[in-house]
Amino acid sequence: LTLLLVCAACALEPWRNTSLPILNRVEDLISRLTLEEKAGQLLSVSDAIPRLQIPSFDWGNECLHGVVARGTLNATVFPQPIGLAATFNATLMANIGVAVSDEARALYNAGNNGYLTFFAPNMNIYRDPRWGRGSETYGEDPVLTSQMTIAYVRSLQGNHLPSLKVAATCKHFAGYSLEESEGISRFEFDAQISNHDLEDTYFPAFQACVQFGRVASVMCSYNSINGVPSCANPTLLNDVLREDMDFGGFVVSDCGAINDLVTENHYASSVVEAAAIGIKAGTDVDCGDAYRHLPDAVSQGLLSEEDVDRSLKNALTARFHLGVYDPPAASPYAALEKDEVIGSAAHVDLALDAARQSLVLLKNTNSFLPLKPAAIRKVAVIGPQADDPLVLLGNYHGNPTHVPVTPFTALKTLLGADRVTFSQGAYVLGEGTWRFGDAVNAAADADVAILFVGSSSKSTNLSFPDLLSPATEKESLDRTSLLLPGVQLDLVKAVAKRTKTPIIVVLINGGPIDIEWIVNSPRVAAVLTAWYPGQEGGTAIAEALLGLTNPGGRLPVTVYYNNYTTQIDFADMGMTQYPGRTYRYTQVPVLFPFGFGLSYTFFRYDSFRVVPSSTTPFIDRTFYVTASNVGSMDGDEVVLIFAKLLNSSLPKHTPVPTKKLIGFQRLHSVARGRAATASILVKTDAWQVVLLSGERVTPTACWAILVGDVPRLDLCLEPEMR
């Protein structure tokens, strides 16, 4: 009887009334909470409130490339984000977002906490190739990062707004791209960044995420910017994020960042003071436990209860939009069921398609690839990455829906087990060469040797054995060298020098690797980079090698020579000074440029036009590019449009990119002998330039418009600077 009376009372409470505006419901719920209860809702795992029948809420999971399914749960694992960026396909990114959020909502519908709010995507700019988390990003270009972010965030959050399928989080705001440098960790690192570089490089993707993605949440980063920790920075979180970018969601700290204000940044003298600083700066939710001390901060006069209410309002609004306090049947996503969605045939096919599109062909001497199975007696599969299912998954992944098929297993399936041999040859790390002899013998007895080498970003949350090595790049671990780790290059050289067997090298990697010797060696016929391709990656690689598919991805990063690491300090956040960072400002020779990628076929650009052709920059333009497949195989073509400033009315010494990407589109499955036309919308902000002060202006200027590296026309625009 008591329970019935409580439930009857609950039905009358305005915060439970789904017919009321969400703002009214949020304010009503806040009015019913004690200060201690309010603080308990702003922790990484919020407190349950039994008297109101409010359960605990887990604020943070991960879904960079698939739901991080915990415990015995499973989810589809797509390629690592750097591989998804290599597809240059925002439509594909949107489809993946739908699949990932369907699986997340289905897990929540099945009664699992922690599958509604996600700390993804990571859209920091990959400014330095040493960064251990670069593989979590969409590469080094602000436009590519922005477009992939918008597509993913919109599709994650669903098409029934204001109801959210899940809440995405754009992270890490801002200037985060270092784990540790010369003993300084990311927790204490003070990023010195100019106003120009903030506006030109570090802010644009976040602005796109907020304004066009309408993201529900933004995560502030561990690092400081110009002396102020990001999660304690009201200029960054209130003036820039909320006012300039018009952000209306909630800000969550990176995990432990509020406590770090005391222990790492030495910005607060106590955890109580740190909690007060975080709230007043605009960090609404603490991924940690420091906000447990908010009542003490109020009692000590460090902040007011109204300050706490403001953050709680931001946070609870997202929960209401997620439908946490509504009847389950009221959700537009109530029909998503775990057994029907998780690892469905459609999702597995999508993961395979994404892995196929992510492959980048870097070398193909005399069209050695694709292999012709009928002409092959035996293939030697060699290397530490060839038969390791876990390394394919990258990092921040959950349990895949099945044990990933490795490239070795996939090649056996397609060619027959009796035609494929395997030798590990080496570990990813370590100096041992005792396995080289076995690898050399296997190669000598084969018609072709395929060496799978690269890096590792292994997690440890799966039941698979750690077959070969620890990680070489990941969160908390940067690289110090751009060369192949361990003795892997020596393994390639041993096979090259001690046999006459043609060699193919397949890179399994996150960050770019200097493979100068491999590229220049006449003994290596072809090089394919596969990134960390996800649970279906082994199949995708085998298909491409055998010509069942045609690789068409492009590099979303510059591949530098290893001496780049001696030319600029890793902790130097500047973009424009020598030797320059990313393709936009690089002033030194590189091994492979941003946007590079070969194909088994050849494309010719036959026509190029711009509509409209007006000289005003304050209108959107559509660029039409027709590409004809003049080769012998069907294939995809990624059309990249760059702008290069020729002359302008800009003040002297204004930093200007060598060139900048202004649009892209992937043309799919263009049949040999046929043509397809890309239609690429370029917005008015493409013609903006950032002054040293950080101000954006549109100058009177002439721009060279390039398709790839080829100039197509000069576009002269004549506004007043503004």
Side-chain angles (χ1 to χ4, degrees), residues 63-65 78-94 96-97 119-129 131 133-156 168-177 193 197-215 218-219 221 241 245 354 358 360 396 510-512 531 553-558 573 575 581-586 593-595 638 640-643 657 659-666 680-683 685-686 688 690:
C63 68
L64 288 173
H65 56 123
F78 295 88
Q80 191 83 352
I82 196 69
L84 296 175
T87 70
F88 280 81
N89 189 343
T91 301
L92 173 69
M93 197 73 238
I96 291 171
F119 298 159
N122 180 346
M123 12 82 69
N124 294 115
I125 295 299
Y126 198 170
R127 65 165 181 100
D128 189 292
W131 186 28
R133 299 185 72 176
S135 68
E136 298 176 26
T137 76
Y138 300 126
E140 68 183 37
D141 180 74
V143 169
L144 174 61
T145 298
S146 295
Q147 293 304 311
M148 300 300 271
T149 294
I150 292 167
Y152 194 47
V153 167
R154 283 179 170 176
S155 57
L156 281 176
T169 303
C170 283
K171 67 181 187 183
H172 312 81
F173 191 62
Y176 174 49
S177 53
I193 309 177
D197 289 345
L198 284 170
E199 183 64 28
D200 183 64
T201 297
Y202 295 106
F203 284 169
F206 284 96
Q207 184 163 358
C209 177
V210 169
Q211 293 187 341
F212 300 104
R214 306 310 300 176
V215 72
V218 168
M219 174 182 283
S221 56
L241 182 62
M245 297 184 184
S358 73
V360 181
Y396 274 113
W531 316 104
R554 301 291 187 92
L555 291 175
V557 291
T558 300
M573 301 294 289
M575 300 298 297
R581 292 196 181 278
T582 78
Y583 79 96
R584 299 165 74 232
Y585 294 106
T586 295
F594 172 90
V638 175
L640 303 175
I641 299 181
F642 295 93
K659 65 177 182 179
K660 62 179 182 178
L661 184 70
I662 59 173
F664 62 90
Q665 184 178 336
R666 185 170 183 137
I680 300 172
L681 179 66
V682 176
K683 308 291 283 186
D685 59 4
Q688 293 178 349
V690 179

J.: Do you know which two heavy atoms are closest between V143 and L661, and how far apart they sit?
T.: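 Of all heavy-atom pairs spanning V143 and L661, the closest is CG2-O, 3.2 Å.
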
J.: For the residue pair P121 and C170, establish whether any side-chain heavy-atom pair is separated by less than 4.5 Å.
T.: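 Of all side-chain heavy-atom pairs linking C170 with P121, at least one is under 4.5 Å.
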
J.: If you round to the nearest 0.5 Å, how far is CG of N122 from CE of M219?
T.: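 Here the interatomic distance stands at 9.5 Å.
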
J.: Would you say the side-chain atoms of S155 pair up with the backbone N or O of A94, donor to acceptor, closer than 3.5 Å?
T.: yes

J.: Which atoms form the tightest heavy-atom contact between I96 and A354, and what is the distance?
T.: CD1-CB, 3.9 Å

J.: Using modelled atom types only, decide if a donor and an acceptor are shared between the side chain of Q80 and the backbone of G510 within a distance under 3.5 Å.
T.: no

J.: Check V215 against A168 and note the closest heavy-atom contact, atom names and distance.
T.: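 Heavy atoms of V215 and A168 come nearest at CG2-O, 3.3 Å.
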
J.: Tell me the closest heavy-atom pair linking G175 and N124, and the distance in Å.
T.: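 Scanning both residues, the minimum pair turns out to be N-ND2, 4.4 Å.
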
J.: Walk me through it: do I150 and Y152 pass the test side chain to side chain contact (heavy atoms under 4.5 Å, CB included)?
T.: CA-CA 6 Å; I150 292 167; Y152 194 47; over 6 Å; no

J.: What's the spacing between F88 CZ and L640 CG if we round to 0.5 Å?
T.: 5.5 Å

J.: Can Q147 and F664 be said to form a side chain to side chain contact (heavy atoms under 4.5 Å, CB included), step by step?
T.: CA-CA 10 Å; Q147 293 304 311; F664 62 90; 3.7 Å; yes

J.: Evaluate side chain to side chain contact (heavy atoms under 4.5 Å, CB included) for E136 paired with I82, printing each intermediate quantity in order.
T.: CA-CA 6 Å; E136 298 176 26; I82 196 69; over 6 Å; no

J.: Is a side-chain N or O of R554 found less than 3.5 angstrom from the main chain of G595, in a donor-acceptor match?
T.: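 Present.
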
J.: Report the distance from atom CE of M123 to atom OG1 of T145, rounding to the nearest 0.5 Å.
T.: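 Reported to 0.5 Å precision, the distance equals 7.5 Å.
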
J.: Starting at CD1 of I193, measure out to CG of L198 and round the result to the nearest 0.5 Å.
T.: 5.0 Å

J.: For the residue pair M148 and T87, establish whether any side-chain heavy-atom pair is separated by less than 4.5 Å.
T.: yes

J.: Give the minimum heavy-atom separation between P204 and P142, together with the two atoms involved.
T.: CB-CB, 4.3 Å

J.: Salt bridge between R584 and D200, side-chain N to carboxylate O under 4.0 Å?
T.: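 Salt bridge present between R584 and D200.
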
J.: With a 3.5 Å distance limit and no angle check, can you tell me whether S221 reaches the backbone of A174 through a side-chain donor-acceptor pair?
T.: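 Side chain of S221 to backbone of A174, a donor-acceptor pair under 3.5 Å: yes, one is there.
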
J.: For Y126 versus P512, what's the shortest heavy-atom pair and its separation?
T.: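 Residues Y126 and P512, closest heavy atoms: OH-CD, 3.4 Å.
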
J.: Parallel, tilted or perpendicular, judged at 30° and 60°: which one describes the rings of F594 and Y583?
T.: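 Ring orientation of F594 relative to Y583: parallel.
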
J.: Between D141 (side chain only) and L144 (backbone N and O only), is there a donor and an acceptor less than 3.5 Å apart?
T.: yes

J.: How many angstroms lie between OG in S358 and CG in N89, if you round to the nearest 0.5 Å?
T.: 11.5 Å

J.: How many angstroms lie between CD1 in I125 and CD in E140, if you round to the nearest 0.5 Å?
T.: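 Answer for the CD1-CD pair, I125 versus E140, is 8.5 Å.
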
J.: Do any N or O atoms from the side chain of R133 and from the backbone of S177 form a donor-acceptor pair under 3.5 angstrom?
T.: no

J.: So, Y202 side chain and M573 main chain: donor-acceptor pair closer than 3.5 Å or not?
T.: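 Looks like yes, one N/O pair under 3.5 Å.
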
J.: Would F212 and R154 satisfy side chain to side chain contact (heavy atoms under 4.5 Å, CB included), going step by step from the backbone distance to the final call?
T.: CA-CA 8 Å; F212 300 104; R154 283 179 170 176; 4.0 Å; yes

J.: Relative to Y396, does K171 satisfy both conditions: NZ or CZ under 6.0 angstrom from the six-membered ring centre, and within 45 degrees of the ring's axis?
T.: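 So K171 does make the cation-pi contact.
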
J.: Spell out, as yes or no, whether a donor-acceptor pair under 3.5 Å connects the side chain of H65 to the backbone of P81.
T.: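 Checking the backbone N and O of P81 against the side chain of H65, no donor-acceptor pair under 3.5 Å is found.
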
J.: Out of the candidates D128, D197, T201, T586, only one should pair with R581 under the side chain to side chain donor-acceptor pair (under 3.5 Å) rule; please name it.
T.: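 Only one of D128, D197, T201, T586 forms a side chain to side chain donor-acceptor pair (under 3.5 Å) with R581, namely D128.
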
J.: Please confirm whether the backbone N or O of P79 pairs with a side-chain atom of W531, one donor and one acceptor, at under 3.5 Å?
T.: no

J.: Using only atom types and a distance under 3.5 Å, with no angle test, would you say the side chain of K660 pairs donor to acceptor with the backbone of A686?
T.: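 Indeed, once roles are kept as given, a pair shorter than 3.5 Å links the two residues.
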
